[in-house]
Amino acid sequence: MDAKSVEKKWQARWEKSKLNEFDKKDTKKPKYYVLEMFSYPSGAKLHVGHWYNYGPTDSFARFKRMQGYNVFQPMGFDAFGLPAENYAIKTGVHPKDSTEKNIETMEGQLRAMGAMFDWSAEVKTCEENYYKWTQWMFLQLYKHGLAYRKEAPVNWCPSCSTVLANEQVKEGACERCGTQVVRKNLTQWFFKITDYAEELLTGLDDIDWPEKTKAMQRNWIGKSTGCEIEFDCESGDKIRVYTTRCDTVFGVSYVVLAPEHPLARKLATPAQAKAVEEYIDYAAKASEIDRLSTAREKTGVFTGSYCVNPVNGKRIPVYLADYVLASYGTGAVMAVPAHDERDFAFATKYGLPIVKTIEKKGGETELPFCEDGIVVGSIEFDGLFGEEARDAIAAHIAKLGKGGKKVNYRLRDWLVSRQRYWGAPIPVVHCPQCGAVPVPEEELPVRLPYDVEFKPDGKSPLAKHEKFMHTVCPNCGVEALRDPDTLDTFVCSSWYYLRYADPKNESAPFGRDSVDKMLPVDTYVGGAEHACMHLLYARFFTKALRDMGYLDFDEPFRRLVHQGVILGPDGNRMSKSHGNVVSPDEYVEKYGSDAFRLYLMFGFSYTEGGPWNDDGIKAIAKFMDRVEKTVLRAHACTGGKKEYGAEEKALDYARNFAVSRVTRDLEAFSFNTAIARIMEFLNALSKYDALPEKNVPLFRAAAKDLLLLLAPCAPHFCEELWEQTGGKGSVFEQSYPKEDPEKLVLDEKEYAVQVNSKIVCRAMLPANAANEEIEKCALALPEVQDRIGNQTVKKCVVVPGRLVNLIVG
RNA sequence: GCGGACGUGGCGAAAUUGGCAGACGCGUUGGACUUAGAAUCCAAUGGGCAACCUUGCAAGUUCAAAUCUUGUCGUCCGCACCA
C-alpha cells in the first residue's frame with residue numbers, strides 16, 4: 001500500500017465529512033474530552049516529542065470514539081512567550097510575524113499526522129479574540145480580591161538594563177552578556193493562589209492522576225502545622241517567627257531575620273548600622289542561585305538589638321542571615337542551635353550559645369539532634385515527647401498571648417507581571433489620583449501594539465510606546481498611564497481548555513451551555529515537567545471561576561497521563577547543542593505516518609519513554625504488510641467447510657483474548673502491549689490461514705476484528721483496508737469489537753506444579769475444578785510422585801488456573 | 001541536603017499487582033525458496049556440558065518476591081537552607 005497517497009486521500013475525506021469534529025448537536029452519545037497539552041509554536045519543525053505526545057493519544061481518542069463516545073479532541077497554540085521576543089531582539093523579525101508563520105507550518109505538520117483534531121475549535125493565545133478574555137480573567141480575579149500588587153524582586157542585568165527570567169540566568173550571570181545579575185524590587189501583580197492552598201491540596205485525593213504528580217503538588221503546596229511565636233524587642237518592635245519545633249523554644253539562643261525583612265534596618269543599632277547595610281547589600285547582590293545553594297557558607301550580621309524569649313524571659317540577640325528566606329513563613333526564625341543543623345553551623349561560626357533542650361529516647365544525644373525526643377530544661381514541660389510537647393508548649397504560648405498553633409504553606413502567590421512585549425497586556429490604568437484602576441470590561445481588549453522597540457534598555461518595551469501608554473483614567477477621566485507589563489504566559493494556558501469548548505464566542509470567554517456539556521477534560525496528556533506550575537495554575541483558575549459562578553465543577557482534568565521523554569540515541573535529552581536530534585520527517589517519508597506512530601507506540605513504554613533507536617521500525621512495516629495480506633486474503637476467501645472444530649475454537653479464543661486485552665491496554669495507555677496482543681492475534685490468523693480447509697465466515701469475521709482492533713493505531717491504513725474489503729462509511733463509525741466471554745472459557749488450563757515451591761512440571765488440569773481435586777490431580781502426576789517419594793503432604797496451595805504448590809516433608 | 005521514581009537477556013520491553021520471569025518484537029544462528037542477493041517463510045535463541053544459576057548488590061517477611069520491608073550501590077527527575 002502506498003502510504004503517502006492513502007494518507008492524503010483519507011485526510012481529505014475526513015476533513016470533508018467533518019469526521020473529526022465534535023458533534024455538539026448529538027445528545028445521545030456520552031461526551032469524551034481528550035486533551036493534549038497545546039504546543040508552543042517554535043521555529044523548528046514538529047519533533048519526535050510532539051509525535052510521541054499526540055500520535056498515541058490520538059489513537060486513544062479514536063478508540064474512545066469507536067467505543068461509542070462523542071469525542072472532542074482539539075488542538076491549538078500557546079503562542080505568547082519569551083523565545084519569539086528573543087528571536088526578535090536577535091534578528092529583528094517581529095514576534096507576531098514569526099509566530100504566525102510558525103503556527104502555519106506546524107498546523108500543516110499536525111494535519112499530516114492524521115490525528116482527529118477538531119480544527120474548528122482551534123485556539124491561538126496571541127490572537128485578540130483570545131487574549132481579550134485572558135485580560136477578562138485578570139479583571140474577574142481582581143474584582144474578587146484575587147489579584148493584588150506588591151513589591152517583589154526580579155533578576156536584573158545592569159549591563160543589558162533588563163529583567164531576566166530565571167532561565168536566562170546562568171550561574172549567577174546574564175546569559176547574554178555575562179554580567180553579574182542582581183536582584184531588584186519592582187511593584188508587580190500577583191494572583192492569590194494561596195487562598196486556595198488547602199483546596200488545591202485536598203482536591204488531589206479525588207482525581208485520577210499519577211501518584212508521583214500528586215506527591216509533587218503536595219510537596220509544592222507544602223502544608224505544615226507549626227507555631228507562631230512573638231518575640232518582643234527592646235525597641236518595642238515585635239518579631240513574629242514561625243517554627244515547626246516549638247518544643248525546642250527553651251533552647252533559643254538568638255533570632256534571625258531575612259535580610260529583606262521590614263525590621264532589618266530598623267533594628268540596626270547605630271554601631272551596627274554600617275555592617276547591617278553592607279550585609280543587606282551583599283545578600284541582594286548574591287544571585288538567587290548562589291543564595292539558595294547548600295554549598296554556600298552560612299553568613300550573617302548582628303543587628304545590635306536584643307529581644308526577649310517569651311517563655312523564659314531570656315535576653316537574646318537578633319541577627320540577619322540570608323539562610324532565612326523572606327518568602328517563607330514570617331521571614332524570621334528562632335534559632336535553636338542544639339536542634340537544627342543550620343542554626344548549629346551558624347552558632348558555631350559566630351560563637352553563640354548552644355543549649356540542649358531535647359534528649360534522645362534511650363540513647364546518647366549528639367548535637368545537633370534534630371529528631372523528636374524528650375524535652376529537658378523546659379520547666380513544667382520536661383519529660384514530654386515530640387507532638388505531645390509541641391501541643392503543650394503551643395497552648396502555653398497562646399495563653400501568654402504570644403502566638404500559638406499555625407498552619408503554614410510553602411506555596412507562594414503567583415507573580416504574573418512580566419516586563420515583556422510578547423504577551424497579553426495587563427488591563428490596568430495607573431491614575432495619579434485613583435491609583436491602579438482596572439480597565440472596564442467593555443473596553444477590552446487592551447490591544448498589544450505592533451510597532452514597538454524590543455531592544456532592551458531598562459524599560460518594558462510597552463513603556464516606550466507613547467500611544468499605548470497614554471490614556472485617561474476610566475474612573476475620573478484625568479490623563480493616566482497604562483500598566484506597561486504583560487501577563488505571564490501561564491495565565492493564557494490556565495484556561496485554554498475552557499475556550500476550546502466555545503472558541504468563537506464574542507460576548508464571553510465561553511458559554512455556560514458549552515462548558516457544562518463538554519467539560520471537564522476526561523483525559524489530559526502531557527509532560528511531567530508541568531506537574532507544579534501549569535497543572536496547579538489551571539486547577540486554581542477552575543476553582544476561582546467556580547466560586548465566581550462561571551463553572552460548576554471543581555477540577556479541570558479528571559484523569560492525567562504523562563508521556564515519557566524520547567531521548568536522543570545517546571541517552572541525552574534531544575537538543576541542538578547535543579547534536580542528537582532525531583527528525584520524524586525522514587521516517588514518515590519512508591514508512592508513512594501510521595507506521596511511525598505505530599512504532600512509537602510499540603517500541604517504548606508510553607509513560608517511560610527512553611533513548612531513540614529505530615531497530616524495530618522495519619518490523620512494524622512488515623507487520624502492517626502481513627495485516628494487509630491477511631485481511632485481503634480473508635476477504636477473497638470462498639467455499640471452505642462449515643464445521644466448528646478445535647482449530648476454529650482456537651482462533652476464536654485468540655480473537656476474543658486479543659479483543660479483551662487490547663481494550664484493557666488501550667484504556668490504560670499501555671500501547672506497547674496492546675499492539676503485542678494484536679500481533680499475537682495476527683499470528684493466530686496466519687496459522688489458521690495456512691489450513692487447507694477453513695470456516696470462511698469465522699475467518700472473515702476474525703480478520704474484520706483484526707482490522708477494527710488496529711484501526712485507532714493505524715488510522716489511514718485501516719480506513720483504506722476497510723474500504724477495499726467493502727466496508728461502508730468510515731471504519732471509525734464502526735463499534736470497537738467486544739469480547740464474547742464464552743469464547744474465553746477453556747476446559748483445561750496449564751498449571752505450574754510445584755513441590756516445596758520448586759517447579760516440577762506443567763500439567764493441563766480441569767479449569768473449574770475445586771482445589772481438592774486439583775491437589776489430587778497434581779499428586780497423581782508421575783513427576784510429582786518421583787519428587788515426593790514417601791513424604792507426606794503437609795499443605796497445598798492452589799492458585800486457580802495458574803499454579804499448585806505441594807508442601808511436603 | 002530533601003522528596004519522587006527507576007535498575008529485568010546482546011537490544012526495546014512484558015509479567016493478570018505476591019503466583020510458571022523474559023509475552024510481543026529487534027538482533028543473532030540454522031534451514032527452505034532463489035543463479036545470486038533483497039524480500040518472504042520455517043525453526044532455535046537468558047546463562048551453564050550438567051546438577052543448577054538468573055530481575056544492580058546484601059539481608060528479611062512468605063508455601064511463594066522482579067513485585068512487600070530494611071540496608072547498600074548506581075541512574076534519572078523535581079525542589080532547593082521551608083524554620
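Chain A is the first sequence line, chain B the second, and so forth, proteins listed ahead of strands; every chain is numbered from 1.
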Once you apply a heavy-atom cut-off of 4.0 Å, does [X] come out as touching a base, just sugar-phosphate, or nothing?
X	value
A:Arg626	sugar-phosphate
A:Phe602	base
A:Glu529	nothing
A:Ile807	sugar-phosphate
A:Gly609	sugar-phosphate
A:Arg245	sugar-phosphate
A:Lys795	base
A:Asp343	nothing
A:Ala215	nothing
A:Lys618	nothing

Evaluate the criterion side chain to side chain contact (heavy atoms under 4.5 Å, CB included) for residue pair A:Thr673 and A:Arg661; output intermediate values, then yes/no. CA-CA 9 Å; A:Thr673 53; A:Arg661 298 296 291 269; over 6 Å; no
So, A:Asp340 and A:Arg245, do they make that salt bridge, N to O below 4.0 Å? no
Should the pair A:Glu773-A:Lys776 be classified as a salt bridge under the 4.0 Å nitrogen-to-oxygen rule? no
Side-chain donor/acceptor contact of A:Lys298 with base of B:C81 under 3.5 Å: yes
Could you measure between the two [atom1] atoms, the one in [N] and the one in [M], and give it in whole Å?
N	M	atom1	value
B:G71	B:A64	C1'	23 Å
B:A39	B:G47	P	25 Å
B:G78	B:A65	C1'	30 Å
B:A15	B:A80	P	35 Å
B:C26	B:U72	C1'	35 Å
B:A83	B:G7	C1'	36 Å
B:C33	B:G27	P	23 Å
B:A13	B:G60	P	33 Å

According to a 3.5 Å limit on both distances, what stems of 3 or more consecutive Watson-Crick or G-U pairs are formed with RNA chain B? B:1-7 with B:73-79, B:10-12 with B:24-26, B:27-32 with B:40-45, B:56-60 with B:68-72
If you only use heavy atoms from C-beta on, which nucleotide in [options] is closest to the side chain of [X]?
X	options	answer
A:Asp322	B:A64, B:A14, B:C81	B:C81
A:Asn613	B:A64, B:A83, B:C11	B:C11
A:Thr244	B:C81, B:A83, B:C26	B:A83
A:Val799	B:C11, B:G19, B:A23	B:G19
A:Leu325	B:C63, B:A23, B:C82	B:C82
A:Arg677	B:G19, B:A23, B:G78	B:A23

Cation-pi check, A:Arg539 onto A:Trp220 ring (under 6.0 Å, within 45° of axis): no
Is it the case that more than 12 heavy atoms not belonging to A:Arg633 sit under 6.0 Å from its CZ atom? no
Under 6.0 Å from the NZ atom of A:Lys212, do we count more than 12 heavy atoms belonging to anything else shown? no
Shortest non-hydrogen contact from A:Ala347 toward A:Ile354: CB-CG1, 4.2 Å
Taking only N and O in the side chain of A:Asn219, is any of them less than 4.0 Å away from OP1 or OP2 of B:C82? no
Please tell me whether A:Tyr323 and A:Thr299 have a donor and an acceptor in their side chains that are separated by less than 3.5 angstrom. no
